[in-house]
> 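Take a look at the following structure, please.
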There are 2 protein chains.
Amino acid sequence: MHKATLGDDVFGRLLDLIYSGELPPGAELNEVALAERFAVSRGPVREAVRRLQGVQLVSRAPFLRARVITLEPTAVRELFEVREALEGYACRLAAELMTDDEIAALMEGLEANNVAAGSQARISVAAAFDFHERVVRASRNRRIIDALCGDLYHLLRLYRRWSGAAGERKAIAYTEHRQILLAIRARDADLAESLMRSHISRAAENLVDHLPPPAAPAADDRSAASGRRRRAARPDLHECH
Amino acid sequence: MHKATLGDDVFGRLLDLIYSGELPPGAELNEVALAERFAVSRGPVREAVRRLQGVQLVSRAPFLRARVITLEPTAVRELFEVREALEGYACRLAAELMTDDEIAALMEGLEANNVAAGSQARISVAAAFDFHERVVRASRNRRIIDALCGDLYHLLRLYRRWSGAAGERKAIAYTEHRQILLAIRARDADLAESLMRSHISRAAENLVDHLPPPAAPAADDRSAASGRRRRAARPDLHECH
DNA sequence: GTCGGCAAAAGTGTCGACACTATCAGCCGT
DNA sequence: ACGGCTGATAGTGTCGACACTTTTGCCGAC
């Protein structure tokens with residue numbers, strides 16, 4: 001069937017490199033180096049980089065080197081405003097369109113995860129993703145789903161990866177998620193949208209407060225380009241939005 | 001400075017072909033044919049087509065031919081829902097962020113255009129675009145601005161190009177625009193967002209009602225691929241959203 | 001006459017080489 | 001010594017050719 005093309009493969013691998021921190025924010029993407037590394041020609045690499053540019057994970061000008069985006073607080077704010085608008089609206093649609101069965105299933109998953117959260121915080125995070133994703137998909141709007149679960153989701157992961165936001169929001173998130181779901185079950189679209197917006201807004205504040213120092217422009221760390229350094233302090237710490 | 005690259009050039013030219021109707025919805029984009037036509041190699045054409053895919057103006061699977069998107073009513077609805085969410089939010093931000101001077105200037109432009117609309121309907125449309133664009137830009141959110149004035153704007157133009165929506169909304173639009181602007185001036189963010197949403201929602205209904213028949217799958221018109229036919233009935237009729 | 005398989009054609013994916021542009025080091029003049 | 005200029009260098013943009021996939025048209029079997 002759809003035999004995966006090399007470009008798609010390289011795209012995924014570059015995403016992994018970015019998520020893993022091997023390509024930290026601000027790192028430059030050298031087409032030939034990447035092509036060598038992945039043992040492919042420059043064509044697929046080019047295409048993958050262009051796609052990353054389309055997702056706004058890398059910034060690029062015509063003849064200049066492509067760079068992984070930096071984590072400016074302004075950009076974080078703008079990203080979360082878009083999430084507020086889009087995911088809030090998706091939540092409204094969900095309140096109008098979800099079937100009772102879907103709501104019940106989501107509620108069940110939320111509760112089941114909450115009891116498990118005490119011992120294993122990790123799976124709580126995964127479930128938080130799951131909650132947001134399921135609400136978004138319930139909007140039945142392919143364009144919104146693609147935007148939130150595709151492009152914006154990548155950026156979100158990147159920001160979370162590099163933010164030192166602590167886990168205190170994990171506990172709060174459950175409560176907020178539950179309130180949102182209750183509003184959906186009550187078919188109160190206005191309330192559901194409002195709650196989702198507040199939820200995301202608070203997550204944004206939490207995240208921006210824990211952003212790393214603005215990439216201290218001291219010229220000491222001049223080695224971020226092609227090497228494989230800067231191991232992640234906490235290799236896989238995610239945070240609840 | 002930024003010497004335009006061939007890929008950018010081809011991208012723009014393809015946009016023109018799509019807008020002009022020479023590449024109608026559903027037409028397939030042949031890379032070699034386009035490369036010949038533009039007197040460039042397949043590389044730039046490939047890149048341009050990929051960018052069009054990123055903007056969702058063409059749909060494409062790995063080894064299949066790229067096609068200009070079709071105008072399904074569902075897709076129109078989804079597009080306008082995104083506009084409702086995003087542009088409504090932008091309107092809220094505008095109500096909070098616009099300076100009094102900006103508001104006064106926009107009001108002035110709106111009024112000036114209204115008096116001119118009686119004689120020349122064409123410029124009224126351009127001004128409607130201008131109104132929406134200026135409100136969006138007032139959101140100060142680069143991500144929202146890029147989305148609405150970039151990707152989604154292209155789609156909007158395409159839909160309007162192929163919809164037979166009549167001009168009765170032009171008159172109504174002025175009133176609605178004015179109400180929105182009054183809400184902004186009153187710094188009533190909730191009202192401004194709500195009004196903008198209603199405005200866009202009504203425009204969506206108007207547009208979807210006038211969509212062309214769902215590309216009647218009768219096999220009579222098998223000639224839509226590479227030639228240059230199907231002249232526009234009304235070469236440049238735009239419609240107010 | 002219709003259906004299924006097969007081979008040619010059309011089209012996209014990938015590659016390596018060449019052309020053009022930006023960056024940086026060193027040189028010259030002041 | 002400092003600033004501007006000029007090469008060399010690294011990197012991206014473009015090209016034409018080849019490999020792989022899908023589609024299409026044809027042929028024979030049922």
Side-chain angles (χ1 to χ4, degrees), chain A residues 1-14 17-18 23 26-69 217 219 221-227, chain B residues 1-14 17-18 23 26-69 217 219 221-227:
Chain A
M1 183 67 75
H2 288 319
K3 176 160 278 186
T5 178
L6 274 182
D8 296 339
D9 193 22
V10 172
F11 179 75
R13 292 221 238 174
L14 278 179
L17 286 187
I18 293 176
L23 287 175
E28 27 183 84
L29 305 179
N30 186 325
E31 291 183 2
V32 297
L34 292 173
E36 266 181 40
R37 171 166 190 167
F38 295 145
V40 296
S41 175
R42 271 182 53 210
V45 174
R46 247 180 108 72
E47 176 176 330
V49 171
R50 291 332 225 286
R51 281 178 61 182
L52 287 175
Q53 181 188 12
V55 186
Q56 308 239 31
L57 268 173
V58 312
S59 62
R60 205 182 59 81
F63 277 87
L64 269 42
R65 300 191 248 294
R67 295 172 156 279
V68 180
I69 59 161
D221 190 4
R222 281 295 300 146
S223 58
S226 61
Chain B
M1 182 64 78
H2 289 318
K3 174 160 281 189
T5 176
L6 274 183
D8 297 338
D9 194 20
V10 172
F11 178 75
R13 291 221 238 174
L14 279 179
L17 286 188
I18 292 176
L23 287 175
E28 28 185 78
L29 306 180
N30 186 322
E31 292 184 1
V32 297
L34 292 172
E36 263 181 42
R37 172 167 189 167
F38 295 146
V40 296
S41 176
R42 272 182 53 211
V45 174
R46 248 181 107 74
E47 177 176 330
V49 172
R50 292 330 226 284
R51 280 177 63 182
L52 287 175
Q53 182 188 11
V55 185
Q56 308 239 31
L57 269 172
V58 313
S59 62
R60 205 182 59 81
F63 277 89
L64 271 40
R65 301 194 247 294
R67 297 173 154 278
V68 180
I69 58 161
D221 190 4
R222 284 292 304 142
S223 59
S226 61

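Every value quoted in this text rests on a predicted model; they were computed, and no experiment measured them. Each chain gets a letter, A, B and so on, in the order its sequence line appears, and its residues count up from 1.
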> Whole angstroms only, please: what is the CG-C1' distance between A/Leu29 and D/dA10?
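Checked: the CG to C1' distance equals 16 Å.
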> Roughly, in whole Å, what's the span from CZ in B/Arg50 to P in D/dG13?
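Nearest whole value for this atom pair: 16 Å.
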> Please find the pair of heavy atoms, one from A/Arg46 and one from B/Glu47, that lie closest to each other, and give the distance.
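Minimum heavy-atom contact is NH2-OE1, 3.6 Å.
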> Using atom CD of B/Gln53 as one end and atom C1' of C/dG13 as the other, report the distance to the nearest whole Å.
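About 14 Å, once rounded to whole Å.
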> Of the nucleotides D/dT23, D/dC15, D/dT12, which has the atom closest to the A/Glu31 side chain?
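Side chain of A/Glu31 sits closest to D/dT12.
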> Given atom CG of B/Leu34 and atom P of C/dA10, what is their separation to the nearest angstrom?
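Between P of C/dA10 and CG of B/Leu34: 17 Å.
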> Nearest whole Å is fine: how far is D/dG13 C1' from B/Arg51 CZ?
14 Å
> Using heavy atoms to find the nearest nucleotide of DNA chain C for B/Arg65 and A/Asp8 separately, return the residue whose nucleotide is more 5′.
B/Arg65
> Could you check if a side-chain atom of A/Arg51 sits within less than 4.5 angstrom of a side-chain atom of B/Arg50, using non-hydrogen atoms only?
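Heavy-atom side-chain distance check fails, nothing below 4.5 Å.
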> Tell me the closest heavy-atom pair linking A/Ile69 and A/Ser59, and the distance in Å.
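For A/Ile69 versus A/Ser59, the nearest heavy atoms are CG2-N, 4.1 Å.
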> Given atom CG of A/Leu64 and atom P of D/dG11, what is their separation to the nearest angstrom?
13 Å
> Can you check the A/Leu6 CG to D/dC20 P distance for me, whole Å?
12 Å
> Rounded to whole angstroms, how far apart are CZ on A/Phe63 and P on C/dT21?
6 Å
> Output the distance between atom CG (A/Leu23) and atom CZ (A/Arg67), rounded to the nearest 0.5 Å.
12.0 Å
> By nearest atom, which of the nucleotides D/dG13, D/dC20, D/dC15 is closest to the B/Thr5 side chain?
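Selected nucleotide (nearest to the side chain): D/dG13.
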> Can you see if the side chain of A/Arg42 gets near the phosphate of C/dC15 - specifically, an N or O under 4.0 Å from OP1 or OP2?
no
> Establish, with yes or no, whether the OP1 or OP2 oxygen of C/dG11 is under 4.0 angstrom from a side-chain nitrogen or oxygen of B/Arg60.
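B/Arg60 to C/dG11 OP1/OP2: no side-chain N or O under 4.0 Å.
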> Establish, with yes or no, whether the OP1 or OP2 oxygen of C/dT12 is under 4.0 angstrom from a side-chain nitrogen or oxygen of B/Arg46.
no
> Which nucleotide wins on minimum distance to the side chain of A/Val32, given the candidates C/dG11, C/dC15, D/dT12?
D/dT12
> Looking only at heavy atoms, which two atoms of A/Gly7 and A/Ala48 are closest? And how far apart?
O-CB, 3.9 Å
> From the list C/dC15, D/dT12, D/dT24, which nucleotide is the closest neighbour of the side chain of A/Asn30?
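The listed nucleotide nearest to A/Asn30's side chain is D/dT12.
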